[in-house]
Amino acid sequence: MTKGGKIVIMACGSFSPPTYMHLRMFEIAKDYIHTLNLGNVVGGLVCPVHDAYGKKDLVPAHHRIAMLKLALRSSSWVKISEWETQQSGWTRTRLTLQHHQDTINNYLTGQNDPDPPSWLPDDIINLNSLDEPDNLMEKLNGNVPDGVTVKLLCGADLLESFATPGLWSDEDLETIVGRHGLVVVSRAGCDPGRFIYESDMLYKHRNNVILVTNYIANEVSSTQIRRLVRRGESAKYLTDDAVLAYVRQHRLYGAPHCITEYNILNDLIASYDKRSPQDVIMTSPEETSFKNILISIRDKPSIIDETITVKRPRKTNFLMPNSHTDSVSPFCEPLKPKMAYVDKVPSTYVPGKAVKIVSDATEHKIDKGGGCPL
Ligand SMILES: Nc1ncnc2c1ncn2[C@@H]1O[C@H](COP(=O)(O)OP(=O)(O)OP(=O)(O)O)[C@@H](O)[C@H]1O
Ligand SMILES: NC(=O)c1ccc[n+]([C@@H]2O[C@H](COP(=O)(O)O)[C@@H](O)[C@H]2O)c1
C-alpha cells in the first residue's frame, strides 16, 4: 500500500465559469501523488460554492453546475458534488471536507445510504462491491484500516488566502490542514513554500501539505474568461467549447447577443456519405435559440472561407419531419457575407452534434442527421 492511503482530492471554489486549469489541477495533482507514492487517489470532486458566497460575478449555482458537467464530460474520475449548493447557505470548507469524507467512509463501512450520492467516486463504489465478507465484517466492526481521506485541492492563491484576516478561522484551518491535508498547485505570483514556512500552523503540519509544481503554467482564470466574454472577444481554448457555448446561450457574464461561428472541417467530410463535391460538415453547432448563426463554408480547401448568415425567420418548433430538408439560399456575391434563411432545423440540432450542410453552386441545405461528436 502507498504511504498516504486512499485519497479523494476535492476542489472547492466558484467555477464561474470553469476553466481548463480547474480541470488540469486534478490531473497534475493525481500524477504527482502517484509518481511520488504519496497515496492512492481514488477519486476527484469539484464542489461549487453556494450562491450565498456572494462573490462578484458568481452566476447561479445551476449554471455553474451545468457548465461543470459540460467541462467534465470526458473525465473518468472527477465528479461534481452539488452538496454545498443544496445547503441553506454558504458552508465553511472544513464542514464540506468532513461531510464528504464521512459519507465515503460510512459507505465503505456498510453504513451507507442505499442510495449513494451521485458524487461518490466510482472507485469507492467498486471497492465496496468487491469487498470480501471478512473484510466487510472488519469494517462493520468499526475497524477501518484503509479509510479514505478527503484532501483539499487548491491553487496557491487559495492557500495564501488563509492569511486574509477574518476569512478562515484558526480552528477550521487546523482541522483542514491537520486532519485532511492540502494538495496545493503552484500559481504565478505565489510562493507557497515560503508561505508555509512563515506560518507556524502550516509549518507544523507541513508533512500534510503536498506542494505540486505545475511546470506547464497556465494562468487562465475565470476572471479572464468573464472579461473576454463581456467584451465579445474570443475565449476559445481557455475552456471547453461547450462551456463557452453555454455561456453564450444563456448570455452569462454580459455576453453580447449571440453570433456563433462554426468551423467547417473539410477533412471530416471523407468519413460521411458524400453527396456532392461541396459537402461540408459543421462542427459543434449549438441550440437554435439564437437569432443569427454565422456559418463558415469552405467550398474547396484551398479557397478563403466564405460566410453565410443563417437567420431564423420566425418562431417554429424546430422539429423537422424525417424526410424534410430545408434550403438555405445565399445571395450569390462571392466572398461577401450572404444572407439566408432556415425555416426549421432538425431536433437533433443540439450542442455536441454536427449538422451536415450540403451545398452546390446555388444553394445550401442543412441536412438532418450526419452528426458527429465534438
Ligand atoms: N490558473 C490556476 N492555477 C492554479 N490554480 C488555479 C488556477 N485557476 C484556478 N485555480 C484554483 O482553482 C480553485 C477554484 O478557484 P476559482 O473558482 O476561484 O477560480 P479562479 O479562476 O481563480 O476564479 P476567479 O478568477 O473568479 O477568482 C482555487 O483553488 C484556485 O486557486
Ligand atoms: N472559512 C472558510 O471555510 C472559507 C473562507 C474562504 C473561502 N472558502 C472557500 O474557498 C473557495 C474559494 O473560492 P474562490 O477562490 O472562488 O473565492 C470557496 O469554495 C469558499 O467556500 C472557505
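Atoms within a ligand are numbered from 1 in the order they appear, just like the ligands themselves.
Scanning the protein for heavy atoms near atom 2 (C) of ligand 1, the closest one is M21 CG, 3.1 Å. Distance from atom 4 (C) of ligand 1 to its nearest protein heavy atom, with residue and atom name: R187 CD, 3.6 Å. For atom 15 (O) of ligand 1, the closest heavy atom belonging to the protein is H22 NE2, 3.7 Å. Nearest protein neighbour of atom 27 (O) of ligand 1, counting heavy atoms only, is K55 NZ, 2.9 Å. For atom 26 (O) of ligand 1, the closest heavy atom belonging to the protein is R226 NH1, 3.0 Å. In this structure, atom 13 (O) of ligand 2 lies nearest to the protein heavy atom G13 CA, 3.5 Å. Here the heavy atom of the protein found nearest to atom 30 (C) of ligand 1 is D157 OD1, 3.6 Å. Among protein heavy atoms, the minimum distance from atom 21 (O) of ligand 2 is reached at W90 NE1, 2.8 Å. At the top of the distance list for atom 1 (N) of ligand 2, counting protein heavy atoms only, stands L167 O, 3.0 Å. Looking only at heavy atoms of the protein, atom 17 (O) of ligand 2 is closest to Y53 OH, 2.8 Å. Counting protein heavy atoms only, atom 16 (O) of ligand 2 is closest to S14 OG, 2.5 Å. For atom 29 (O) of ligand 1, the nearest protein heavy atom (residue, atom name, distance) is G155 N, 3.0 Å. Nearest protein heavy-atom contact of atom 2 (C) of ligand 2 is W168 CE3, 3.3 Å. Protein heavy atom closest to atom 22 (C) of ligand 2, with residue, atom name and distance, is T93 OG1, 3.0 Å. Shortest contact from atom 25 (O) of ligand 1 to any protein heavy atom: T223 OG1, 2.4 Å. Among protein heavy atoms, atom 10 (O) of ligand 2 sits closest to L158 CD1, 3.7 Å.
Considering backbone and side-chain N/O atoms, S169 never comes within less than 3.5 Å of an N/O atom of ligand 2. Not one N or O of T19 is nearer than 3.5 Å to an N or O of ligand 1, by distance alone. Here's the thing with C12: none of its N/O atoms is less than 3.5 angstrom from an N/O atom of ligand 1. In terms of polar-atom proximity, defined here as any N/O pair under 3.5 Å, R92 makes no such contact with ligand 2. Residue S16 places no N or O, backbone or side chain, under 3.5 Å from any N or O of ligand 1. Between M25 and ligand 1, no pair of N/O atoms sits closer than 3.5 Å.
In the hydrophobic clustering of ILVMFWY residues, with side-chain heavy atoms under 4.5 Å counting as a link, V243 and L58 come out apart. The same ILVMFWY cluster, assembled from side-chain heavy atoms under 4.5 Å apart, contains both V59 and L68. Both L72 and F15 belong to a common hydrophobic cluster when Ile, Leu, Val, Met, Phe, Trp and Tyr are linked at side-chain heavy-atom distances under 4.5 angstrom.
Heavy-atom proximity to K55, at under 4.0 Å, picks out these atoms of ligand 2: 14 (P), 15 (O), 16 (O), 17 (O). Distances below 4.0 Å separate heavy atoms of C12 from the following atoms of ligand 2: 11 (C), 19 (O). The contact set between ligand 1 and S14, taken as ligand atoms under 4.0 Å from a residue heavy atom, comprises 17 (O). Atoms of ligand 1 found under 4.0 Å from any heavy atom of F15, numbered from 1 in the order shown, are 14 (C), 17 (O). Taking every non-hydrogen atom of C154 and a distance limit under 4.0 Å, the qualifying atoms of ligand 1 come out as 29 (O). Close contacts between ligand 1 and S221 involve ligand atoms 21 (O), 25 (O) [criterion: under 4.0 Å to a heavy atom].
D51 places none of its side-chain heavy atoms less than 4.5 Å from the side chain of T85.
There is a side-chain donor-acceptor pair under 3.5 Å between Q98 and D102. Side-chain N/O atoms of T91 and E84 include no donor and acceptor closer than 3.5 Å. Between the side chains of Y215 and S186, no donor-acceptor pair of N or O atoms lies under 3.5 Å.
One finds the CG atom of L252 at 5.0 Å from the NE2 atom of H63 (value rounded to the nearest 0.5 Å). Separating the CH2 atom in W90 from the OG1 atom in T96 is a distance of 8.5 Å, to the nearest 0.5 Å. Interatomic distance, F162 CZ to T164 OG1, rounded to the nearest 0.5 Å: 10.0 Å.
Not a single heavy atom of F15 sits under 4.0 Å from any atom of ligand 2.
Residues K6 and D123 are not paired through a salt bridge, judged by the lack of any N-O separation under 4.0 Å between the basic side chain and the carboxylate. Electrostatic pairing of K204 and E174 counts as a salt bridge here, judged by a charged N lying under 4.0 Å from a carboxylate O.
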*asked:* One pair to check against salt bridge (charged side-chain N to carboxylate O under 4.0 Å, His left out): E160 and R194. What are the steps and the verdict?
replied: CA-CA 10 Å; E160 295 191 356; R194 172 157 295 276; over 6 Å; no

*Please assess S161 against W168 for the test side chain to side chain donor-acceptor pair (under 3.5 Å), listing each intermediate value before the final yes or no.*
CA-CA 8 Å; S161 82; W168 302 80; 3.0 Å; yes

_Run Q86 and H50 through side chain to side chain donor-acceptor pair (under 3.5 Å) and show every step you take._
CA-CA 7 Å; Q86 291 161 344; H50 193 280; over 6 Å; no

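Note that R206 lies in the cation-pi zone of Y203, set by a 6.0 Å cut-off to the ring centre and a 45° limit from the axis.
Aromatic ring orientation, W119 versus H100: tilted (interplanar angle from 30° to 60°).
Here V220 has backbone heavy atoms under 4.0 Å from ligand 1, and that is the only part of it that gets that close.
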